[in-house]
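Since the structure comes first, as structure tokens, the remarks are kept for the end.
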Protein chains: 2
Amino acid sequence: MVSGAGRGERAQETREAILDAAERLFAEHGVGDVSNRQIAQAAGQANNFAVGYHFGAKPDLVRAIVRRYTTETEGRRLRMLAALDDSGESGDLRAWISCLVRPATDHLDALGVPCWRARCLAQFDTVPGLRRIVVDESVSTPSMRRTLEGMFRLLPELPEEVHRERSDMSRLLVVHTLAERERALHEGGGTARRSWEATATGLVDALAGLWPAPVTTETG
Amino acid sequence: MVSGAGRGERAQETREAILDAAERLFAEHGVGDVSNRQIAQAAGQANNFAVGYHFGAKPDLVRAIVRRYTTETEGRRLRMLAALDDSGESGDLRAWISCLVRPATDHLDALGVPCWRARCLAQFDTVPGLRRIVVDESVSTPSMRRTLEGMFRLLPELPEEVHRERSDMSRLLVVHTLAERERALHEGGGTARRSWEATATGLVDALAGLWPAPVTTETG
């Protein structure tokens with residue numbers, strides 16, 4: 001007999017295996033071209049309905065993938081923000097931009113190769129019906145709000161709509177740059193940078209130029 | 001009897017109707033969730049095999065969609081580059097960045113609303129198997145190469161790998177920012193800018209900060 005705790009652990013392992021298999025298959029074949037049956041089989045589940053049983057329909061599975069990622073990066077970002085408060089560097093724009101970028105790159109670094117997570121998230125972000133889920137789950141978390149507020153305080157001359165525009169641009173740039181790098185690592189193509197750490201440096205440099213860039217006043 | 005020229009014209013009209021229908025359905029439902037049969041029906045074709053007959057398999061259809069877009073933007077960019085040569089402004093970084101951005105925004109502006117093209121292209125860019133097609137068709141066209149070379153001449157201190165990195169970032173930023181705006185226009189959500197022209201200005205401002213941003217030397 002398996003104890004209640006043992007059953008709970010086993011269910012948790014099954015859920016993780018399903019999420020891992022789904023990430024891989026979505027990244028390899030496209031989220032629209034993968035069935036729950038294929039995911040169950042790739043996750044080593046004898047029962048083809050295992051995905052539905054544990055997660056429900058595809059949007060629920062996508063939500064679980066996004067949530068697993070956000071939980072990780074949210075924890076990392078909150079720790080970085082606490083350290084930033086203590087450091088006396090809260091007047092440094094690069095330090096805030098690092099809080100946007102490094103929770104993601106550090107997480108991907110920790111996952112190792114092969115990894116499909118960044119490509120999955122980038123794909124969800126562009127596929128109708130799934131994009132809403134990513135936005136709901138990851139855009140206005142407490143740590144993201146605090147980070148963007150911190151940046152706004154350092155750039156008070158930025159009109160509010162341009163602040164929003166550059167927030168969106170930052171998100172798009174990070175999400176898709178990380179997906180491109182993950183793909184290149186996986187396919188053996190060339191990457192602009194040799195590590196996730198260096199990729200983060202490149203993104204922080206770029207965003208440190210983008211955020212305070214002069215705003216052309218619209219005419220007409 | 002229809003003349004040979006008449007048949008050719010009609011075939012061309014059918015092809016355009018199929019491309020339009022495919023763009024709309026891909027943007028609305030996701031490229032992996034739309035069949036050739038659905039596209040044929042949406043294009044008003046009685047024959048369910050019309051898509052296969054005119055374009056072949058899905059990757060060929062995707063290539064035709066990308067190529068239609070690239071043909072348009074390539075023509076616009078070549079004209080902008082010629083004007084830039086004549087203007088004596090070829091020492092102005094913003095003028096070169098405009099050549100990256102405005103062929104796309106001007107084209108979308110000309111298409112009017114509703115439009116699905118930007119979302120389609122952004123989606124292809126993240127879906128495995130299709131991304132290669134977008135890259136092959138649109139990344140190293142003559143006008144893109146000339147534009148990036150022009151920018152490189154103005155930023156000679158930029159290491160070559162950072163130039164490549166920022167080229168990739170520019171492309172990702174433009175592709176996905178335009179798709180987000182097109183989606184917001186279509187769904188009636190708020191947009192940061194009130195026109196495609198103003199969106200171009202926002203992107204040029206951002207990229208004019210990003211490109212010359214100081215490069216942190218990697219250690220270790």
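Remember, predicted model here, so these are calculated numbers, not experimental data.
- Looking at Glu180(A), the atoms closer than 4.5 Å to chain B (heavy atoms on both sides) all sit in the side chain, from C-beta outward.
- In this structure, the portion of Arg94(B) lying under 4.5 Å from any heavy atom of chain A is its side chain and not its backbone.
- For Leu130(A), no part lies near chain B; criterion is any non-hydrogen pair under 4.5 Å.
- His29(A) touches chain B through its backbone: at least one of N, CA, C or O sits under 4.5 Å from a heavy atom, while the side chain does not.
- For Phe124(A), no part sits under 4.5 Å from any heavy atom of chain B, backbone or side chain.
- Between Leu19(B) and Leu61(B), some side-chain heavy-atom pair lies under the 4.5 Å cut-off.
- Looking at every heavy atom in both residues, Ser98(A) comes nearest to Val204(A) through OG-CG2, 3.9 Å.
- Here Arg68(A) pairs with Glu23(A) in a salt bridge; the nearest charged N to carboxylate O distance falls below 4.0 Å.
- For Thr201(A), the part lying near chain B is the side chain, with the backbone staying farther off; criterion is any non-hydrogen pair under 4.5 Å.
- Heavy atoms closer than 4.5 Å to chain B are found in the backbone of Glu28(A), but not in its side chain.
- With respect to the salt-bridge test (charged N to carboxylate O, under 4.0 angstrom), the residues Asp136(A) and Arg132(A) qualify.
- Of the possible donor and acceptor atoms, one in the side chain of Gln123(A) sits under 3.5 Å from a partner among the backbone N and O of Val31(A).
- With respect to Lys58(A) and Asp33(B), no salt bridge is recorded, no charged nitrogen being found less than 4.0 Å from a carboxylate O.
- Across Pro214(A), Pro128(A), Gly32(A), Gly209(A), the residue that shares the most heavy-atom pairs under 4.5 angstrom with chain B is Pro128(A).
- A pairwise comparison of heavy atoms in Ala179(A) and Ala118(A) identifies CB-O, 3.6 Å as the closest pair.
- Chain A forms more heavy-atom pairs under 4.5 Å with one residue of Glu160(B), Arg164(B), Arg119(B) than with any other, namely Arg164(B).
- Ranking Ala198(A), Gly129(A), Ser195(A) against chain B, the residue ahead of the rest is Ala198(A), based on heavy-atom pairs under 4.5 Å.
- With chain A as the partner, the residue from Thr216(B), Val127(B), Leu173(B) showing the most heavy-atom pairs under 4.5 Å is Thr216(B).
- Checked for salt-bridge contact, Arg76(B) and Glu72(B) meet the test: a charged N lies under 4.0 Å from a carboxylate O.
- Contact count against chain B (heavy-atom pairs under 4.5 Å) is highest for Met169(A) among Glu161(A), Met169(A), Arg166(A).
- If you measure heavy-atom distances from Leu203(B) to chain A, the contacts under 4.5 Å come from both the backbone and the side chain.
- Environment of CZ in Arg37(A): sparse, with no more than 12 heavy atoms of neighbouring residues, nucleotides or ligands closer than 6.0 Å.
- Heavy-atom distances place the side chain of Val162(A), and not its backbone, under 4.5 Å from chain B.
- Interface residue Thr191(B): only backbone heavy atoms are found under 4.5 Å from chain A.
- In terms of non-hydrogen atom pairs under 4.5 Å with chain B, the most contact-rich of Val34(A), Leu210(A), Thr177(A) is Leu210(A).
- A salt bridge is absent between Glu182(A) and Arg117(A); no separation between the charged side-chain nitrogens and carboxylate oxygens falls under 4.0 Å.
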